[in-house]
2 protein chains.
Amino acid sequence: MYTIGDAAKATNLPTKTVRYYADIDLVTPSGRSDNGYRLYSDKEINKLIFTRRARSFGFSVQECRELLDLYENRDRSSRDVKAIAVNRIKEIEEKLQELQSLHDELTHLSETCNGDDRPDCPIIRGLAS
Amino acid sequence: MYTIGDAAKATNLPTKTVRYYADIDLVTPSGRSDNGYRLYSDKEINKLIFTRRARSFGFSVQECRELLDLYENRDRSSRDVKAIAVNRIKEIEEKLQELQSLHDELTHLSETCNGDDRPDCPIIRGLAS
DNA sequence: GTAAGGCTTCCAGTAGCTGGAAGGTCAAGA
DNA sequence: TCTTGACCTTCCAGCTACTGGAAGCCTTAC
C-alpha cells in the first residue's frame, strides 16, 4: 500500500494531481489508513500510470474515464477502444492542419518584416487587415 | 458610434466577448451613452478586429495587449513586433512536433488493433505500459 | 521538546471566455 | 395605453485540469 506521496513518486504524477483525481472520482484510493491517509494498492498505481499516459496522449479526463472503464472491464471489445482512439487521431490531424497554416501565415508575415527601427511593419498590417 | 451589439456584428465577435474585453481593459469603449450603454467608435472597432485576428493566430490576450500597444504607437519599431511573432512561431513549431509524434504513436497503436469483439487490445496495452 | 516533513481539508486562482438571472431601456404594434 | 420583444446593464457561476496556499493534525528523528 502506498500513501499519496509514494503513489505520486511511483506514478510520476504530482501529489496534488493524484489527490485531484481522487476528488473527481477518476482514480480513487482503495481505502484510508487509521489516521485518514489515502492508501493506494498496486491496482490503483497502474490505473494512475495508465491515466498519466492517456493524458499525455491528449485524451481528456472524460475520455480517460471511458478508457479506464474499458481498461478495467475484461469483456470490453477492442472496437470500443479503437473508436475513441480514431476519434482522437482525427482531432489531432485537424489541429495539425490548423497549426500548420497558422505557422505558414505567420512565417510569411515575419519574413516580409525588416525587424528594424522603422515603424512600418507588415506583421501589424497583416493582423489589422 | 456602435452599441455593443453593433460592434459585435461589425467585428464578428460574440457580444459577451466584446464586453469581456472591456472588463479586462483590453479594448475599452470610447464612452457610454446617457442610458449607460457602451459606445464604440471606428477606432475601437478596428482594435477589436485586430484583436480577433491576433487571437485567431494563437496570440494570448497578454500578447494581444502588447501588439495593440505597438499597433497604436506609431513610433514603435518593427523589431519589437517581429520579436513577438518569432517567439510565437517557435512555440507553434514545438507544438507541431509534439502533436506529430503523438499522432504517429497513436496511429501505430490504432493500426495494430483489430477493432473487433475480442477484448485483447493493443491500444489499451500501449497506454498501460 | 521540537523541528521537519508528511498528510488532511478547503478556498482561490489560472485562461478566456460563456451562460444565466434579474432588471433597466426603447421602439413598434394592437 | 399597454405590452411584447429585442436590446442593454451588472453580477455570479461554470467550464478544463489542475496548482498554490493556508491552517492544522500525525509521525519520526534528534
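Residue numbers begin at 1 in each chain, while the letters A, B, ... track the order of the sequences.
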State whether the number of non-hydrogen atoms from other residues, nucleotides or ligands found under 6.0 Å of A:E94 atom CD is greater than 12. yes
Under 3.5 Å donor-acceptor pairs involving side-chain atoms of residues 23-30 of chain B, not counting sequence neighbours:
{"from": "B:S30", "atom 1": "OG", "to": "B:L39", "atom 2": "O", "distance (Å)": "3.2"}
{"from": "B:S30", "atom 1": "OG", "to": "B:E44", "atom 2": "OE1", "distance (Å)": "3.4"}

So where does chain B start and stop touching DNA chain D, 5' to 3', when the test is distance under 4.0 Å to a non-hydrogen atom?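 Extent of the interface on DNA chain D: D:dC7 to D:dT10.
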Excluding sequence neighbours, so at least two apart, what forms salt bridge (Lys or Arg N to Asp or Glu O under 4.0 Å) with [X]?
X: B:R19; answer: none
X: B:E111; answer: none
X: A:K43; answer: A:E72
X: A:R65; answer: none

So what does A:I24 hit on the nucleic acid, given a heavy-atom distance under 4.0 Å: a base, only sugar-phosphate, or nothing?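 Result for A:I24 = nothing.
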Look at the side-chain heavy atoms of Ile, Leu, Val, Met, Phe, Trp and Tyr, link any pair under 4.5 Å apart, and say whether B:L13 and B:M1 land in one connected group. no
Rounded interatomic separation in angstrom, taking CZ from B:F59 and C1' from C:dG16: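 Going from CZ in B:F59 over to C1' in C:dG16 covers 17 Å.
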Would you kindly give the CD1-to-P distance between B:I4 and C:dC17, to the nearest whole Å? 14 Å
With the threshold set at 4.0 Å, does a side-chain nitrogen-carboxylate oxygen contact exist between A:E93 and A:K90? no
Sub-3.5 Å donor-acceptor pair from the side chain of A:R52 to the main-chain atoms of A:T11, do we have one?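 Answer holds: yes.
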Could you check which residues of residues 8-22 of chain B get a heavy atom under 4.0 Å from DNA chain C? Sort them by number, please. B:P14, B:K16, B:T17, B:Y20, B:Y21
Taking only heavy atoms on the protein side, list every residue of residues 30-42 of chain A lying under 4.0 Å from any atom of DNA chain C, sorted numerically. A:R32, A:G36, A:Y37, A:R38
Within residues 11-55 of chain B or reaching into it, pairs that qualify as ring-ring contact (aromatic ring centres under 6.0 Å, His included) - sequence neighbours excluded: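 Residue pairs with at least one partner in residues 11-55 of chain B: B:F50-B:Y71.
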Please name all residues satisfying ring pair (Phe, Tyr, Trp, His ring centres under 6.0 Å) with B:Y2, sequence neighbours left out, ordered by chain then number.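 Applying ring pair (Phe, Tyr, Trp, His ring centres under 6.0 Å) to B:Y2 gives none.
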Point-to-point distance, once rounded to the nearest 0.5 Å, from OG of A:S110 to NE2 of A:H103: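 One finds 9.5 Å between OG of A:S110 and NE2 of A:H103.
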For the helix from C:dG1-D:dC30 to C:dA30-D:dT1, what is the angle between the axes at its two ends, each from 5 pairs, rounded to 10°?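 Roughly 30°, once rounded to the nearest ten degrees.
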Residue list, side chain to side chain contact (heavy atoms under 4.5 Å, CB included) with B:E66, at least two apart or on another chain: B:Q62, B:I84
